[in-house]
Amino acid sequence: MFRVNSLSVALMMSLIGVAALQAPQAKAGWSRVPGGLRLDGEVKAIDFGAFLHHFETAMLEEPRYAPIAIWLAGSGGDEAAAKRIGEIMAVAQDQGVRLAMVMAQGHACDGACSILFALGDEQIASASGTRLISGH
C-alpha cells in the first residue's frame with residue numbers, strides 16, 4: 001500500500017510545476033541587491049526617488065574600495081530620466097565612487113538604458129545578452 005506524506009506531496013507538486021510553488025517574478029523599477037542596485041524594466045521618471053534611495057544606501061553600505069554594481073535588466077525608457085540619473089552618478093564619481101554597469105544576462109540595452117550603461121567606470125555585458133546597444 002502506498003502512503004503519501006506532506007513531503008512527497010510537495011515534491012510531486014514541484015516536479016509538475018504547480019504555480020503556487022514557483023518563484024515570484026522581479027518587480028519593475030529599482031531595487032537594492034548585494035553589491036549595488038538593479039533596474040528591472042524601463043527607465044522611468046517616476047522611479048527617480050527609488051533610484052536615489054537605493055543608490056545612497058549602496059554608497060553607505062558597500063565597501064569603499066569596490067565599485068557599486070548597477071545591474072541593467074531592461075531596455076529603453078525615458079531618456080530625460082536617464083540623463084537625470086546620470087547627473088547624480090557623475091556627482092558621485094567626482095567624489096571617488098566607482099560604478100560598474102552590468103547588463104544582466106538575457107537582456108538588451110537600448111535608448112535610456114544605453115545612456116546609463118555608458119556612464120560606468122566599468123561596463124560589463126553578459127556573454128549571453130541578446131544585444132548591447134541597438135539603433136532605431
Side-chain angles (χ1 to χ4, degrees):
M1 190 158 183
F2 182 69
R3 290 180 44 163
V4 178
N5 61 29
S6 60
L7 179 59
S8 54
V9 169
L11 180 59
M12 285 187 292
M13 290 173 68
S14 67
L15 290 175
I16 60 173
V18 175
L21 296 179
Q22 291 179 354
Q25 296 294 322
K27 294 181 181 179
W30 292 97
S31 59
R32 179 78 168 91
V33 295
L37 53 157
R38 178 182 171 108
L39 172 65
D40 286 290
E42 294 184 347
V43 178
K44 297 178 185 175
I46 197 166
D47 294 332
F48 182 75
F51 162 77
L52 196 56
H53 168 75
H54 294 304
F55 188 60
E56 289 175 344
T57 302
M59 286 191 297
L60 292 171
E61 293 178 351
E62 296 302 323
R64 296 267 180 208
Y65 57 85
I68 294 173
I70 300 182
W71 294 86
L72 301 171
S75 65
D78 184 345
E79 291 184 9
K83 290 176 184 174
R84 186 174 177 202
I85 289 169
E87 291 171 0
I88 299 298
M89 291 178 180
V91 169
Q93 288 170 312
D94 287 344
Q95 300 301 314
V97 175
R98 291 183 20 240
L99 302 175
M101 310 308 272
V102 183
M103 185 180 69
Q105 183 175 359
H107 290 83
C109 193
D110 299 324
C113 175
S114 64
I115 292 170
L116 297 179
F117 188 81
L119 295 173
D121 297 301
E122 301 172 31
Q123 291 94 9
I124 304 163
S126 171
S128 63
T130 56
R131 66 185 182 278
L132 178 55
I133 299 172
S134 68
H136 296 299

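Owing to the predicted nature of the structure, the values given are computational and were not obtained by experimental measurement. For the single chain, residues carry numbers from 1 onward in sequence order.
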Side-chain contact test, heavy atoms from C-beta onward, threshold under 4.5 Å: evaluate it for [X] versus [Y] and give yes or no.
{"X": "I68", "Y": "L37", "result": "yes"}
{"X": "M59", "Y": "Q95", "result": "no"}
{"X": "F55", "Y": "L99", "result": "yes"}

Between atom [atom1] of [X] and atom [atom2] of [Y], what is the distance when rounded to the nearest 0.5 Å?
{"X": "I124", "Y": "M101", "atom1": "CD1", "atom2": "CE", "answer": "10.5 Å"}
{"X": "D78", "Y": "K83", "atom1": "CG", "atom2": "NZ", "answer": "10.0 Å"}
{"X": "I115", "Y": "I85", "atom1": "CD1", "atom2": "CD1", "answer": "10.0 Å"}

Residue pairs passing the side chain to side chain donor-acceptor pair (under 3.5 Å) test where at least one lies in residues 43-56, sequence neighbours excluded: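 Qualifying pairs, neighbours excluded: none.
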Determine the minimum heavy-atom distance between [X] and [Y], stating which atoms define it.
{"X": "A112", "Y": "A82", "value": "O-CB, 3.5 Å"}
{"X": "P34", "Y": "E62", "value": "C-OE2, 4.5 Å"}
{"X": "A73", "Y": "R38", "value": "CB-NH2, 3.1 Å"}
{"X": "V43", "Y": "C113", "value": "CG2-N, 4.4 Å"}
{"X": "M103", "Y": "C109", "value": "SD-CB, 3.9 Å"}

Is there a donor-acceptor pair closer than 3.5 Å between any side-chain N or O of [X] and the backbone N or O of [Y]?
{"X": "R98", "Y": "Y65", "answer": "yes"}
{"X": "E79", "Y": "G111", "answer": "no"}
{"X": "Q93", "Y": "L119", "answer": "yes"}

Not counting sequence neighbours, which residues clear side-chain hydrogen bond (donor to acceptor under 3.5 Å, both in side chains) with E42? List them please.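 For E42, no residue satisfies side-chain hydrogen bond (donor to acceptor under 3.5 Å, both in side chains) once neighbours in sequence are set aside.
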Who passes side-chain hydrogen bond (donor to acceptor under 3.5 Å, both in side chains) against R84, sequence neighbours left out?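 None.
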Are [Y] and [X] co-members of a hydrophobic cluster defined by side-chain heavy atoms under 4.5 Å apart?
{"X": "L52", "Y": "L39", "result": "yes"}
{"X": "F48", "Y": "W71", "result": "no"}
{"X": "V102", "Y": "V97", "result": "no"}

Side chain to side chain contact (heavy atoms under 4.5 Å, CB included) between L116 and F51, intermediate numbers included: CA-CA 12 Å; L116 297 179; F51 162 77; over 6 Å; no
CD1 of I46: more than 12 outside heavy atoms within 6.0 angstrom?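 Atom CD1 in I46 is not crowded, with 12 or fewer foreign heavy atoms closer than 6.0 Å.
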